[in-house]
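Here is the naming used below: chain letters follow the sequence lines, and residue numbers restart at 1 for every chain. Both backbone and side-chain heavy atoms feed into the values below; hydrogens, waters and symmetry mates do not.
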Amino acid sequence: MDKLITAILDGDSAMAVSQARQLNASGLSPEKIIIEGVEAAMSALDTKCTLEDFNLLEIMLAGRAVMEVTKLFWPSGAVKDSAKGTVVIAALEGDVHDLGKNILKMVLTGKGYNVVDCGKDCPLQKLADTAAAGRPLAVGLSGLITTVIPVVRQVKGALAARGLDNVKVFAGGAALKQSTPGMLNVDFVAESAFDVLRFLSGLGNGLG
Amino acid sequence: MNSLELVSATVKLQKTRRVPVIPQVFGHAAVLSGVSVEDYTSNGEMLAQCQLNALKHYGHDAVFSVMDANVEAEAAGCVLEFHKERYSEIIKYALSPGGQFLSPLVVPHPEKAGRMPEMLKALTILRKELGMNTMIFGCVLGPFSVATQLLGLEAALYMAVDDPARLEALTDFATDTIIRFGLAQLKAGAHAMLVFDPSSSPAVIPPNFFREFIFPRLKKTCNSFDQAGSMANWLHIAGPAAPILPFYPAAGVHIANFDYYISAAQAIKGLPATCVNGNIKPLAFVEDCPDAIRKESMDLMTAFLGRRGFILSSGCEVPLESRPENIMAMVGAAREFSNA
Ligand code: B12
């Protein structure tokens, strides 16, 4: 397991995949590999990346290795039947910045969540419909440009209109993190992609 | 001393009677004139007219031919979608990371490709109207930003690790593209050039990547503009750019934009002998009131008093939906402030 963790932290996708394959061949289940290997690597990355010392490329490379390992077991790239639940994420209509959202996706996948990514420039309707179909634990919004704030405020209403009153909504990204949950009409505003893990783990398992 | 002379003197760090003020009015000029962002960013005549209207309305010290961040990308083959109320976006990248892309890439012809000719038209009109009275900035995207727009930012960053030689070749192509486009803009009427380079921000790439990979190409670009008579090269890298400021002078940058992530003191320290401009938070033009903008402007000008080489400006472009009275307040503050 240590070799898998090291390979992920080194951002070495090929090595990470071959380690995961070996562990699986020796009898470990994919779930166990995710929890004890991939999640452990993500925790190490979390403590390593402070606000002052943040290397985006390092995180992206580790994230890519995580996604490759996930794909080995679940070819769609999402942890299906995840015990932790589903999270639907998007950058809303009018916002084409998606680097932060993609990092969020990798971090959540690495922590064993089933992530459904609605992409960037995503209309509110599409986000709400996807949430209705996926019965998620939470919906995550990434916003880098302030013009999406009015749409962010409407997300809870759109979910409620589909009977999803109890789905939590959290937000992050350079524009949204300057604001507060009250101003954005969301449940939580995250400083970084790792920050939200603490919020999600407090929610318990997904009911949707 | 007219407005153009005032900006030129400030760029040379000379003493001036007042502080020049350049809110970065790009697409906001369309909103101010009541035309759609789509029309503004695709019709040179309309762009020029809206810039002139904004100049008349605010009385600031420069106009820009900026359309959006996708002009070069479109000219080199990306497919865009246009919107009435916001900037265009790329819906299909010109290149895919796995594909064979270097042979078919041809440096776009500024008089033929995409919206490039419209931008040249805008510059010709602006120059005819403004002559040598107000500084006219042409605009190119930075070399690395063009590369990321052709490929997608994430794919480009992975390529930097997986296949750096390929990314180098692509960024060289991007450099050739912007040099050719920039030279055409200077010929069409631009006095000076803005190099807009969001993807080179330390929010995205580490400073050593900037030094090794981006710096030499920026330098080549700025040198070419200098040779073609650019009165000033303005580099615009948003976000927490403090660690890369010291590279700017050697890259041939004459005006360094600093975002609100950087304090006036940090800008002065990082660039002791270069003209800088900044750094009112863009969002403040939407959310704050004129008094707050006025105060912030006064504080900034005071921070630079005695240092010279300061242009009062926003940290990045002023948002489309900015309140005009806030921009007025900033221009008013610069006119009132005694720069003695
Ligand atoms: C790179 C960049 C671009 C690239 C984006 C490419 C891409 N595929 O993403 C390009 C060149 C396309 C671009 C275009 C534009 N941009 Co831009 N861009 C930037 C820049 C320099 C960096 C953004 C970035 O990728 N950061 C790195 C990522 C990893 O950081 P992050 O997203 O914050 O994510 C981290 C956390 O926040 C968190 N996170 C992110 N999302 C979420 C969500 C949740 C739920 C959680 C928990 C966590 C989380 O996870 C990450 C790791 O911790 C910023 C400046 C800045 N400092 O932010 C401007 C900036 C965002 N852009 C800006 C602007 C204005 C534009 C344009 C309009 C410019 C123009 N005139 O054309 C256009 C169009 C944008 C549009 N319609 O959306 C402004 C926005 C200002 C505003 N009004 O709000 C900024 C802030 C620059 C500025 N100072 O003014 N841009």
Count the heavy atoms of every other residue, nucleotide or ligand shown that sit under 6.0 Å from CE of B:M328, and state whether that count exceeds 12. yes
Is atom CD of B:E85 surrounded by more than 12 heavy atoms (other residues, nucleotides or ligands) closer than 6.0 Å? no
Winner by heavy-atom pair count (cut-off under 4.5 Å) against chain A, out of B:D162, B:I205, B:I90, B:L320: B:D162
Identify which part of B:E154 has an atom lying under 4.5 Å from any heavy atom of chain A, answering side chain, backbone, both or neither. both
Turns out that what part of B:P319 lies under 4.5 Å from chain A's heavy atoms comes down to neither
Under the side-chain contact (heavy atoms from CB on, under 4.5 Å) rule, what do B:V161 and A:M60 come out as? Steps first, then yes or no, please. CA-CA 11 Å; B:V161 177; A:M60 285 179 63; over 6 Å; no
Could you measure the distance from the [atom1] atom of [X] to the [atom2] atom of [Y]? Nearest 0.5 Å is fine.
{"X": "B:L283", "Y": "A:S179", "atom1": "CG", "atom2": "OG", "answer": "9.0 Å"}
{"X": "B:L157", "Y": "A:N102", "atom1": "CG", "atom2": "CG", "answer": "11.0 Å"}
{"X": "A:I145", "Y": "B:Y87", "atom1": "CD1", "atom2": "OH", "answer": "9.0 Å"}

If you count heavy-atom pairs under 4.5 Å between each of A:D121, A:L57, A:D98, A:T147 and chain B, which one has the most? A:D121
Between A:T146 and B:V286, is there a side-chain heavy-atom distance shorter than 4.5 Å? no
Candidate pair B:R86 and A:E93, rule side-chain contact (heavy atoms from CB on, under 4.5 Å), full reasoning: CA-CA 11 Å; B:R86 57 188 167 94; A:E93 187 157 15; 3.6 Å; yes
